[in-house]
Amino acid sequence: MAKVDTSSSRPYHIVIFGASGFTGQFVVEEVARTVSEGPNGTLKWAVAGRSRQKLDKVLEQAAGTLGKPELRTAVEVIVADVGEPDSLAAMCKQAVIVLDCVGPYRFWGEPVVKACVENGAHCIDICGEPQFLESMQLNYDSQAADKGVYIVGACGFDSIPADMGVLYTRDQFKGTLTALESFLTVSTGPEGGSINDGTWKSAIYGFADSGKLRSLRKKFGHKPLPVVGSKIKRRYRELCQYAVPFMGADPSVVKRSQRFLLEEHQETPVQYGAYAGVGGVANIVKMLFAGMMFWFLVKFSFGQDLLIKYPEFFSFGLFSKDGPTRKQMEGSSFKFAFYGEGYTEGQDPSQGRPNAKIRTLVQGPEAGYVATPIAMVQAAITILNEPTALPKKGGVYTPGATFAKTKLVERLNKHGIQPISSVEVY
């Protein structure tokens, strides 16, 4: 069982590392909103990062935004630098859970994971980089298990709505769910929307290094997951619009969760396909043009430099160095539509075609800086409040593997990330 109690030597339930970063500032606000949801109705927390001055400024900003003047003095500031192992160790020794908001994780994530494992702190990140997530599993899973430490990656918009959405849909299905496809659509208000260029940088480095991900996966020696029912096929049009395969971490995270549930709980794995809606033909043309430029430039160091220097130009305004304004965030939202099929109770999945369908809709607020902090903080709250519902031993896990037996979905629902489902039998 996970150790979640504070002590005189480990005084904080949560330490937010990278609290002064673009995403970190919103995680600070979300933690401040949810202090009453901690163990016994309290949550002891601190912020951490390289600059005390910047951390003080973030607390000042949160105090003003939330109308909580006590944040200016009541929240401890810890100075820690990813390049100084001793400072990371000192930070981790004080935390039950470290919320790591410092990316790109391929450059800055491993020292934090290492420090957490060595010093007995659980770690949650919001990484959407499959290479980092899977390399941490390969390199630290056994050490984390020995220490009783839970390292849980992809706990933001990548990939809690997808991973937990698959499990929610499976649990709602009356029988054996065998295949599921998700279609993501994002809406913006009159102010439009954008994404901070930190995510853009992670994508650039990830695609440039894609060959290493393939060789990394070979080291696990996994056998292919068994296919039950009809094999899903790619498709590119749904919900009256065009869709393209989703290029984020969701497919790899969901697959890892399904493997864990098969191996540890003998649960039938669900095939999963992820897509993103892109609208009409005009958007398809724009995407093709941007995609061709991206794929060409990302292969060369000079091209990567150009992509990083001019994110707005090469992404047609989707990414920017400033990120979205608060008004843009207020007007934005997301929807995941899941379409699944399987076999009703009493039907043999090895015989004939699936005879039932299910549709689940997961909807929520702006994905990057509203839904992501909610998901990250609720993941931490779940660990603190439900340690007996976690996997039996520590390790490096996906959200689905960690929270399959918890009430995380209910917690998310209360905070605006809401699933709705219906079943059609044919």
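The OG atom of S194 lies 7.5 Å from the CD atom of E312; values are rounded to the nearest 0.5 Å. Distance check, rounded to the nearest 0.5 Å: OG1 of T23 to CD1 of I16 gives 12.0 Å. Taken to the nearest 0.5 Å, the OG atom of S142 stands 9.0 Å off from the NZ atom of K393. Here the CZ-CG distance, from F220 to D141, works out to 8.5 Å after rounding to the nearest 0.5 Å. Between atom CG of residue N119 and atom CE of residue M91 there is a gap of 9.5 Å, rounded to the nearest 0.5 Å. Annotation: the span from K93 atom NZ to E118 atom CD amounts to 10.0 Å, rounded to 0.5 Å.
When all heavy atoms of L167 and A404 are compared, the closest pair comes out as CD1-CB, 3.8 Å. Nearest heavy-atom pair across A371 and I417 is O-CD1, 3.9 Å. Nearest heavy atom pair, residue L88 against residue A115, reads CB-CB, 3.8 Å. Scanning all heavy atoms of the two residues, the minimum distance from A32 to L66 falls at CB-CD1, 3.6 Å. Residue A144 comes nearest to V117 through the heavy atom pair N-CG1, 4.0 Å, listed as atom of the first residue, atom of the second, then distance. Shown here for S20 and K54, the closest heavy-atom pair between the two residues is CB-CB, 3.8 Å.
The closest donor-acceptor contact from the side chain of H222 to the backbone of R217 lies at 3.5 Å or more, if one exists at all. Remark: side-chain polar atoms of T178 are not paired, donor with acceptor, to backbone N or O of V270 under 3.5 angstrom. At least one donor-acceptor pair under 3.5 Å links the side chain of T372 to the backbone N or O of A367. Judged purely by atom type and a 3.5 angstrom limit, Q328 uses its side chain to pair as donor or acceptor with the backbone of E191. No donor-acceptor distance shorter than 3.5 angstrom exists from the side chain of E366 to the backbone of S333, with no hydrogens or angles considered. In this structure, the side chain of R10 does not engage the main chain of Q94 through any donor-acceptor pair within 3.5 Å. The backbone N or O of L99 lies less than 3.5 Å from no partner atom in the side chain of D125, so there is not a single donor-acceptor pair. Distance alone, capped at 3.5 Å, places no donor-acceptor pair between the E181 side chain and the F183 backbone.
Across D163, D250, L225, T398, a single residue satisfies side chain to side chain contact (heavy atoms under 4.5 Å, CB included) together with K255, and that is L225. Residue H13 forms a side chain to side chain contact (heavy atoms under 4.5 Å, CB included) with just one option from D5, V4, T6, and that option is T6.
Here the side chains of M164 and V362 are not in contact, with every heavy-atom distance at 4.5 Å or above. Side-chain atoms of Y12 and W45, non-hydrogen and from C-beta on, never get closer than 4.5 Å to each other. Side chains of L361 and K335 form a contact here, defined as non-hydrogen atoms less than 4.5 Å apart. Inter-residue side-chain proximity for P365 and I374 is flagged as met; some heavy-atom pair is nearer than 4.5 Å. Counting heavy atoms from C-beta on, the side chains of F26 and V370 never come closer than 4.5 Å. Contact annotation: the side chain of K407 never approaches that of T382 to less than 4.5 Å [non-hydrogen atoms, C-beta and beyond]. Within the 4.5 Å cutoff, the side chain of Y105 has heavy atoms near those of the I126 side chain. Here the side chains of I381 and R411 are in contact, with some heavy-atom distance below 4.5 Å.
Between E341 and K357 there is no salt bridge, since no side-chain N of the basic residue sits under 4.0 Å from a carboxylate O of the acidic one. Checked for salt-bridge contact, K212 and E129 miss the test: no charged N lies under 4.0 Å from a carboxylate O.
Below 30°, between 30° and 60°, or above 60°: for F22 and Y369 the angle between ring planes is above 60°, a perpendicular geometry. Ring pair F336/F334 is perpendicular by interplanar angle, where above 60° counts as perpendicular and below 30° as parallel.
Annotation for Q53: atom CD does not count as buried by contact number, only 12 or fewer foreign heavy atoms lying within 6.0 Å. Within 6.0 Å of atom CZ in R50, 12 or fewer heavy atoms from other residues, nucleotides or ligands are found, so the atom counts as exposed in its surroundings.
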Problem - From CA spacing to verdict: side chain to side chain contact (heavy atoms under 4.5 Å, CB included), C101, M376 - result: CA-CA 10 Å; C101 302; M376 187 184 212; 4.0 Å; yes
Could you please spell out the steps behind the side chain to side chain contact (heavy atoms under 4.5 Å, CB included) verdict for Y397 and L390?
CA-CA 10 Å; Y397 294 112; L390 304 179; over 6 Å; no
Kindly indicate, with the supporting measurements, whether the criterion salt bridge (Lys or Arg N to Asp or Glu O under 4.0 Å) is fulfilled by E263 and K223. CA-CA 12 Å; E263 294 175 351; K223 295 180 180 178; over 6 Å; no
query = Could you walk me through whether D56 and R52 pass the side chain to side chain contact (heavy atoms under 4.5 Å, CB included) check?
reply = CA-CA 6 Å; D56 286 338; R52 179 176 292 274; 3.7 Å; yes
Q) Which is it for R33 and E29 under the salt bridge (Lys or Arg N to Asp or Glu O under 4.0 Å) test, yes or no, and what are the steps along the way? A) CA-CA 6 Å; R33 290 187 190 98; E29 292 178 13; 3.7 Å; yes
*Kindly indicate, with the supporting measurements, whether the criterion side chain to side chain contact (heavy atoms under 4.5 Å, CB included) is fulfilled by V253 and D158.*
CA-CA 9 Å; V253 170; D158 285 318; over 6 Å; no
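When the side chain to side chain donor-acceptor pair (under 3.5 Å) test is applied to E110, the partners found at least two apart in sequence or on another chain are Y140.
Between the side chains of E37 and Q378, at least one donor N or O sits under 3.5 Å from an acceptor N or O. Side-chain atoms of Y272 and S182 form a donor-acceptor pair, as typed in the model, at a separation below 3.5 Å.
A ring-centre distance under 6.0 Å is found for Y205 and F107.
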